[in-house]
Each structure stands twice: as C-alpha cells, then as structure tokens.
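Here the structure is laid out as structure tokens; the discussion comes afterwards.
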Amino acid sequence: DTGVSQDPRHKITKRGQNVTFRCDPISEHNRLYWYRQTLGQGPEFLTYFQNEAQLEKSRLLSDRFSAERPKGSFSTLEIQRTEQGDSAMYLCASSEGAGGETQYFGPGTRLLVL
Amino acid sequence: AQKITQTQPGMFVQEKEAVTLDCTYDTSDQSYGLFWYKQPSSGEMIFLIYQGSYDEQNATEGRYSLNFQKARKSANLVISASQLGDSAMYFCAMRLLYGNNRLAFGKGNQVVVIP
C-alpha cells in the first residue's frame, strides 16, 4: 500500500504566474485535505474533500486558490497570480471515512515565489 | 475554535535517554482526538500516535507514549530510548470528532538527539 504522493516536490515560480500541485491519496481513502505550512509554524488547514465534494474551505483560501478532486481520487490545488506571501510548503493528507481519524500526509510541495 | 500550545524551546537530548514534549490544548468540545506528528528536515509529516478524548488509557505506540491529562487539557508525548533518527520537529494536533475535519496544529517542538 503506497502512501500519499505529491507532485512536484519543489516549485520555483515568478510572482504573477499560476501554479498547480497534484496530490494522490492513499487508495481507498475517501477524505483528502490540503494544508499550508510557513516557516516556523505548524500546518494550517486550507480545504477538505469527501470523495469529489469540497466540504470545507478555510478563510485562508483566497479567491486566487482553487482545489478540485474531480473523480474522488487525486486532487489538484491551483494558485493563480502567485504572490511572494504564497511561498510555503503545501501538504496533502488523506484519511479513511467515518471511524478513520488519522490523517496521513504526503511529502509536501515546497513553493518559492520570486 | 481549537487551540494547541507548544511553548518549549528547542531541546537537546542524549541518545538513549527519554524526552517529554509538552502540549496543551483548548476546546469546549467533549469529543476530540489528539495526535502527534514528526517532521524531519525532509518535510514529510509522519503520524506517531493518537489519543481519543474518551480513551481511558494513555496511548502507546512502540517507543512513543502519550501522557493524557484531560482535566489539565494536556497531551504530552514521551519518547523513550531516544535515537539519532528522532531528531526532528514534533507537532501536536487536535481534531474534533464531530463537525469539522480539520486538524489544528501547534507550532512544534524541535528535538536534537546527540550521541
């Protein structure tokens, strides 16, 4: 059973460009989460999917951010018109359905906006 | 809203010794879960241990144990017999068992194991 995978692992972009990250959860996990972690802080919740439905969004998720999980499997997180303040580690996690409390994380995507 | 507090400064611990990492939390909800994750320099968050608010016994998982004191709202992690590979950031997190599904994390504790 493979773990959560994320692609790319690192991304450097110029301010104003769009970026897209992908997350593949553990197979059979119907819940998927995105978090953002800045230097010296713990991860902060961005959004959550159950199957293909996006059920929760944090206020941190501005209009420039959009996430999808079209077939209830992998998910993408897009940031439009990136800003330097978007530089962070973007972490994806997945968990089983009801009764599965633990979220298992992927290796993360480190974004640097120049 | 849930709040997790981890205030210890970075810690140096001798190999083979035990280390305790402090975590206090704040919630008005009665049903919640507490988690500890390890984050090495590579960045991945590795799940270590889970304690449910209704669990009567402290959770243990190999060298990891969770000292759960519900009345004091604390959930300290104890790592026994430290190894060099234990050097990492350690994060305490909480999730309500009903309602939202987000994990709320503390700021973490830095642990460096020295030989």
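Note that the coordinates shown come from a computational prediction; the quantities given were computed from them, not determined experimentally. Here is how names work: the chains are called A, B, and so on, in the same order as the sequence lines, proteins then strands, and each is numbered from 1.
Of all heavy-atom pairs between A:K57 and B:R102, the closest is O-NH2, 4.3 Å. Scanning all heavy atoms of the two residues, the minimum distance from A:P43 to B:F105 falls at O-CD1, 3.4 Å. Residues A:F45 and B:L103 approach most closely at CB-O, 4.4 Å, considering heavy atoms. Annotation for A:E56 and B:N101: closest pair OE2-N, 2.9 Å, computed over non-hydrogen atoms.
Environment of CD in B:E61: sparse, with no more than 12 heavy atoms of neighbouring residues, nucleotides or ligands closer than 6.0 Å. At most 12 non-hydrogen atoms from other residues, nucleotides or ligands lie less than 6.0 angstrom from NZ of B:K107. Annotation for A:R64: atom CZ counts as buried by contact number, over 12 foreign heavy atoms lying within 6.0 Å. Counting heavy-atom neighbours within 6.0 Å of A:L112 CG, excluding the residue itself, gives a total above 12. Atom NZ of B:K73 has more than 12 heavy atoms from other residues, nucleotides or ligands within 6.0 Å. Residue A:E68 qualifies as open at atom CD: its count of foreign heavy atoms under 6.0 Å is 12 or below.
Cluster membership for B:L84 and B:L48, using ILVMFWY side-chain heavy atoms within less than 4.5 angstrom, is shared. Cluster membership for B:V13 and B:L66, using ILVMFWY side-chain heavy atoms within less than 4.5 angstrom, is shared.
Of the two parts of B:L97, only the side chain, counted from C-beta on, holds a non-hydrogen atom closer than 4.5 Å to a non-hydrogen atom of chain A.
Taking A:Q6, A:E44, A:R110, A:R9 one by one and counting their heavy-atom pairs under 4.5 Å with chain B, the maximum is reached by A:R110. Looking only at heavy-atom pairs under 4.5 Å with chain B, the residue among A:G106, A:S58, A:G40 that has the most is A:G106.
Contacts between residues 26-47 of chain B and chain A, defined by a heavy-atom separation under 4.5 Å, are made by B:F35, B:Y37, B:Q39, B:S41, B:S42, B:G43, B:E44, B:M45, B:F47.
Judged as a ring pair (Phe, Tyr, Trp, His ring centres under 6.0 Å), the pairs with a partner in residues 48-72 of chain A (not counting sequence neighbours) are, in order, A:Y33-A:Y48.
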